Amino acid sequence: MARLPRAFFARPSLEVAPELIGQVLARRLDDGTRLSARIVEVEAYDELDPASHSFRGRTPRTDVMFGTPGRLYVYFTYGMHWCMNVVTGRAGEGSAVLLRAAEPLEGLEAMTARRGPRPPRELLAGPARWTRAFGIDGRDDGADLVRGAAVWLERGERVPSDRVAVTARIGVTVATERPWRFVDAASRCLSRPLPRVSPSAPRRR
DNA sequence: CGTTGGATTGGCT
DNA sequence: GCCAATCCAACGC
């Protein structure tokens, strides 16, 4: 399986994000089990963006985000959840793409063991659900996706750009004018369904 | 040093 | 739909 090269990541997050849809994240667990999943939902962040961890400058937590592209930036939030990002841009720039949802391909049994019994479509449908299923935590912060042996990205089947939908980011209360969430509109494994396009009649609420 | 709130989730009303 | 869980990074004094 061909890995995505460093050059793929060394571009602005807004450019990399939509191209990550359809690519495959692979994982080798300590016991040798191979996990993989097809990316269906991501969000772009950069340092000019008030919603980004990098907006307030380089800190111990965001150090990886400002470093070499093609590495994993992993952070802890809400006292219990891990989320993972792909670092993008040139070294010195604080940009990354949050991995939010995927369709499980290999290792369903191991994922289910970590997440508890659930329909496969819910296994990786959310950033913290995905890290839990993949066993990703703070130890993976800074992992090299281009050359590392624990987690990496393989080229997947191309998704036509007209099937990649753009929406506002989830859980982000600032910079809402930046529609930087990208999803495979045909996927049933999203963390949130796409906003319904009303056919004609206005909906009650 | 104390305070605040978060790129979330799952369980309950 | 609402909210608690549960830790810690970032910021203010």
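A quick note: this is a predicted structure, and the numbers were derived from the prediction, not measured. Chain letters run A, B, ... following the sequence lines, proteins first, then strands; residues in each count from 1.
Nearer the 5' end of DNA chain B, as judged by each residue's closest nucleotide, is the contact made by A:Gly79, out of A:Gly79 and A:Arg129.
Applying the 4.0 Å criterion to OP1 and OP2 of C:dA10, one finds that A:Arg61 has a side-chain N or O inside that range.
In this structure, the CZ atom of A:Arg192 is 8 Å from the P atom of B:dT8, given to the nearest Å. What separates NE2 of A:His53 from P of C:dC8 is a distance of 15 Å, to the nearest Å. Atom-to-atom, CZ of A:Phe76 to C1' of B:dG5 comes out at 14 Å; the value is rounded to the nearest Å. For the pair A:Glu122 CD and B:dG11 C1', the interatomic distance rounds to 14 Å; values are reported in whole Å. Atom NE2 of A:His81 is separated from atom C1' of C:dA9 by 17 Å (rounded to the nearest Å). If you measure from atom CG of A:Leu14 to atom P of B:dA7, you get 19 Å, rounded to the nearest angstrom. Whole-Å rounding puts the A:Arg132 CZ to B:dT8 C1' distance at 12 Å. Between A:Phe182 atom CZ and B:dA7 atom C1' the separation is 15 Å, expressed in whole Å.
Of the listed nucleotides (B:dT9, B:dA7, C:dA10), B:dA7 has the atom at the smallest distance from the side chain of A:Tyr73. Picking from C:dA10, B:dG6, B:dG10 the nucleotide with the shortest atom distance to the side chain of A:Arg115 gives B:dG10.
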Practice task
Apply side-chain contact (heavy atoms from CB on, under 4.5 Å) to the pair A:Leu4 and A:Leu145, showing each step before the final yes or no.
Solution key: CA-CA 8 Å; A:Leu4 299 179; A:Leu145 299 165; over 6 Å; no
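Electrostatic pairing of A:Arg129 and A:Glu41 does not count as a salt bridge here, judged by no charged N lying under 4.0 Å from a carboxylate O.
Evaluation of A:Tyr45 against the base of B:dA7 yields a stacking contact (centre distance < 5.5 Å, interplanar angle < 30°).
Among the atoms of the strands shown, only primed sugar atoms or phosphate atoms (P, OP1, OP2) are found under 4.0 Å from some heavy atom of A:Ala128. Within the nucleic acid shown, A:Arg169 has no heavy atom closer than 4.0 Å to any nucleic acid atom. Within 4.0 Å of A:Thr59, counting heavy atoms only, lie sugar-phosphate atoms of the nucleic acid but no base atom. No engagement by A:Met84 is indicated, since no non-hydrogen atom pair under 4.0 Å with the nucleic acid exists. Note on A:Arg118: only backbone sugar-phosphate atoms sit closer than 4.0 angstrom, heavy atoms only; bases stay farther off.
Side-chain atoms of A:Arg155 never come within 3.5 Å of backbone atoms of A:Ala2 as a donor-acceptor pair (strictly under, hydrogens ignored). Side-chain atoms of A:Thr131 come within 3.5 Å of backbone atoms of A:Trp82 as a donor-acceptor pair (strictly under, hydrogens ignored).
Nucleotides B:dG5 and C:dC3 have their C1' atoms positioned 15 Å apart, rounded to a whole Å.
In this structure, A:Arg6 fails the cation-pi test against A:Phe9, since its NZ or CZ atom is not both closer than 6.0 Å to the six-membered ring centre and inside 45 degrees of the ring normal. Because its NZ or CZ atom is both nearer than 6.0 Å to the ring centre of A:Tyr45 and within 45° of the ring axis, A:Arg169 counts as a cation-pi partner of that residue.
The CZ atom of A:Arg38 sits 8.0 Å away from atom CD1 of A:Ile21, with the distance rounded to the nearest 0.5 Å.
For A:Tyr75 and B:dA7, a side-chain-to-base donor-acceptor distance below 3.5 Å is present, hydrogens and geometry of angles not being considered.
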Problem - Dot-bracket encoding of pairs in DNA chain B, which uses [ ] for pseudoknotted crossings and | for another strand, Watson-Crick or G-U under 3.5 angstrom - result: ||||||.|||||.
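Partners of A:Phe66 under the ring-ring contact (aromatic ring centres under 6.0 Å, His included) rule, at least two apart in sequence or in another chain, do not exist in this structure.
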